[in-house]
*Asks:* 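Take this structure, written in structure tokens, and hold onto it; I'll ask about it next.
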Amino acid sequence: MLTSKQRAKLRSLAQTIDPITQVGKMGITESFLDNVNNAIEKRELVKITVLENSGEDVKSVGEEIARRLPAEFVSATGKKLVFYRRSINDKVKHIEF
């Protein structure tokens with residue numbers, strides 16, 4: 001569980017990164033989750049866009065992705081979702097709090 005200070009730092013770091021993928025009308029599929037899982041393992045912090053045609057509530061999509069990965073759901077700003085999970089790979093530059 002992230003503290004409010006940690007969450008604020010992650011939100012500030014996420015402002016400079018681009019979204020890696022999008023949730024569209026197909027919704028959250030297993031291949032989508034695999035791609036996000038691989039990206040989060042390499043980067044620790046990822047941003048995802050929820051498209052208008054998905055027909056889903058942005059916050060509920062974020063909570064479902066976080067539950068199924070598992071990862072920390074950092075924030076939902078507009079149509080953008082931010083997720084964090086500390087990588088188990090030692091070669092990754094870890095985010096320090």
Side-chain angles (χ1 to χ4, degrees):
M1 195 67 161
L2 295 171
T3 65
S4 61
K5 236 180 192 183
Q6 291 171 329
R7 196 173 298 278
K9 178 170 180 162
L10 292 172
R11 277 196 311 270
S12 71
L13 291 172
Q15 288 180 347
T16 61
I17 64 174
D18 293 324
I20 60 162
T21 190
Q22 303 169 333
V23 177
K25 63 183 176 182
M26 296 291 290
I28 303 168
T29 62
E30 288 302 317
S31 62
F32 169 83
L33 289 173
D34 288 341
N35 290 337
V36 173
N37 193 41
N38 290 337
I40 206 167
E41 188 59 37
K42 291 177 184 171
R43 302 178 186 194
E44 291 192 335
L45 187 68
V46 296
K47 188 187 285 187
I48 298 171
T49 303
V50 179
L51 298 177
E52 290 288 331
N53 67 356
S54 70
E56 301 279 337
D57 175 55
V58 177
K59 194 163 187 173
S60 64
V61 169
E63 290 168 353
E64 183 178 349
I65 292 171
R67 181 181 53 80
R68 290 176 66 182
L69 277 180
E72 290 285 336
F73 179 34
V74 176
S75 70
T77 306
K79 296 288 183 180
K80 308 279 194 243
L81 303 171
V82 179
F83 299 93
Y84 168 78
R85 182 177 69 213
R86 186 164 177 88
S87 177
I88 57 173
N89 188 347
D90 290 334
K91 296 178 181 176
V92 172
K93 183 178 178 192
H94 297 291
I95 296 172
E96 299 298 328
F97 294 105

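Each residue takes its place number in the sequence, starting with 1. This one's a predicted model, so the numbers in the text were calculated from it and none came from an experiment.
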*Asks:* Under 3.5 Å, is there a donor-acceptor pair between the S87 and E44 side chains?
*Replies:*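 On atom types as modelled, these side chains do not qualify, holding no pair under 3.5 Å.
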
*Asks:* Specify the closest pair of heavy atoms between R7 and F73, including all atoms of both residues, with the distance to one decimal.
*Replies:*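 Smallest heavy-atom distance, with atoms named: NH1-O, 2.8 Å.
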
*Asks:* Does the side chain to side chain contact (heavy atoms under 4.5 Å, CB included) test come out yes or no for I28 and L33, once each step is laid out?
*Replies:* CA-CA 7 Å; I28 303 168; L33 289 173; 3.7 Å; yes

*Asks:* V82 and I65: same hydrophobic cluster, using ILVMFWY side-chain contacts below 4.5 Å?
*Replies:*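 V82 does not cluster with I65.
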
*Asks:* Give, for atom CG of L45 and atom CZ of R11, the distance between the pair rounded to the nearest 0.5 Å.
*Replies:*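 Going from CG on L45 over to CZ on R11, the span is 11.5 Å.
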
*Asks:* Side chains of R85 and E41: closer than 4.5 Å at any heavy-atom pair?
*Replies:*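 The answer is yes, as the side chains (C-beta and beyond) meet within the 4.5 Å cut-off.
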
*Asks:* Give me the atom names and distance for the closest heavy-atom approach of G78 to V58.
*Replies:*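 Heavy-atom minimum between the residues: O-CG1, 3.7 Å.
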
*Asks:* Identify whether L2 and I17 are in the same connected component of the hydrophobic contact network (ILVMFWY, side-chain heavy atoms under 4.5 Å).
*Replies:*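 Result: yes, single cluster for both.
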
*Asks:* So do I20 and R43 actually touch side chain to side chain, heavy atoms under 4.5 Å?
*Replies:*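 They are in contact (side-chain heavy atoms under 4.5 Å apart), so the answer is yes.
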
*Asks:* As an exercise, state the distance from CG of L10 to CD of Q15, rounded to the nearest 0.5 Å.
*Replies:*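 Nearest 0.5 Å value for the CG-CD distance: 12.0 Å.
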
*Asks:* Would you mind reporting whether P19 and I48 have side-chain heavy atoms less than 4.5 Å apart?
*Replies:*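 When only atoms from C-beta onward are counted, P19 and I48 do not touch, as no gap falls below 4.5 Å.
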
*Asks:* Just verifying a value: how many Å separate E96 CD and Q6 CD, rounded to the nearest 0.5 Å?
*Replies:*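 Between E96 CD and Q6 CD, I get 11.0 Å after rounding to 0.5 Å.
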
*Asks:* Is any side-chain heavy atom of K5 less than 4.5 Å from a side-chain heavy atom of T3?
*Replies:*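 Yes, close enough: below the 4.5 Å cut-off.
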
*Asks:* Locate the shortest heavy-atom distance separating Q22 from L51; write the atom from each residue and the value.
*Replies:*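 Distance-wise, the nearest heavy atoms are OE1-CD1, 3.6 Å.
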
*Asks:* Please test F83 against V74 for side chain to side chain contact (heavy atoms under 4.5 Å, CB included), starting from the C-alpha separation and ending with a verdict.
*Replies:* CA-CA 5 Å; F83 299 93; V74 176; 5.7 Å; no

*Asks:* Taking all atoms of both residues into account, what is the closest heavy-atom pair of S54 and G24, and its distance?
*Replies:*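 Closest heavy-atom pair between S54 and G24: CB-O, 3.3 Å.
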
*Asks:* Would R68 and E30 pass as an ion pair if we require N to O under 4.0 Å?
*Replies:*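 Yes.
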
*Asks:* Mind checking whether K79 and E52 have side chains closer than 4.5 Å, heavy atoms only?
*Replies:*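 Yes. Closest side-chain heavy atoms under 4.5 Å.
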
*Asks:* So do the side chains of T49 and V23 get within less than 4.5 Å of each other, counting heavy atoms only?
*Replies:*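 They are not in side-chain contact.
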
*Asks:* Check whether any side-chain heavy atom of L81 lies under 4.5 Å from a side-chain heavy atom of V61, and answer yes or no.
*Replies:*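 L81 vs V61: side chains touch.
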
*Asks:* Evaluate I40 against Y84 for side chain to side chain contact (heavy atoms under 4.5 Å, CB included), listing each step before the verdict.
*Replies:* CA-CA 7 Å; I40 206 167; Y84 168 78; 5.7 Å; no

*Asks:* Evaluate the side-chain proximity of D18 to K47: yes if any heavy-atom separation is below 4.5 Å, no if none is.
*Replies:*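 Contact flag for K47/D18 side chains = no.
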
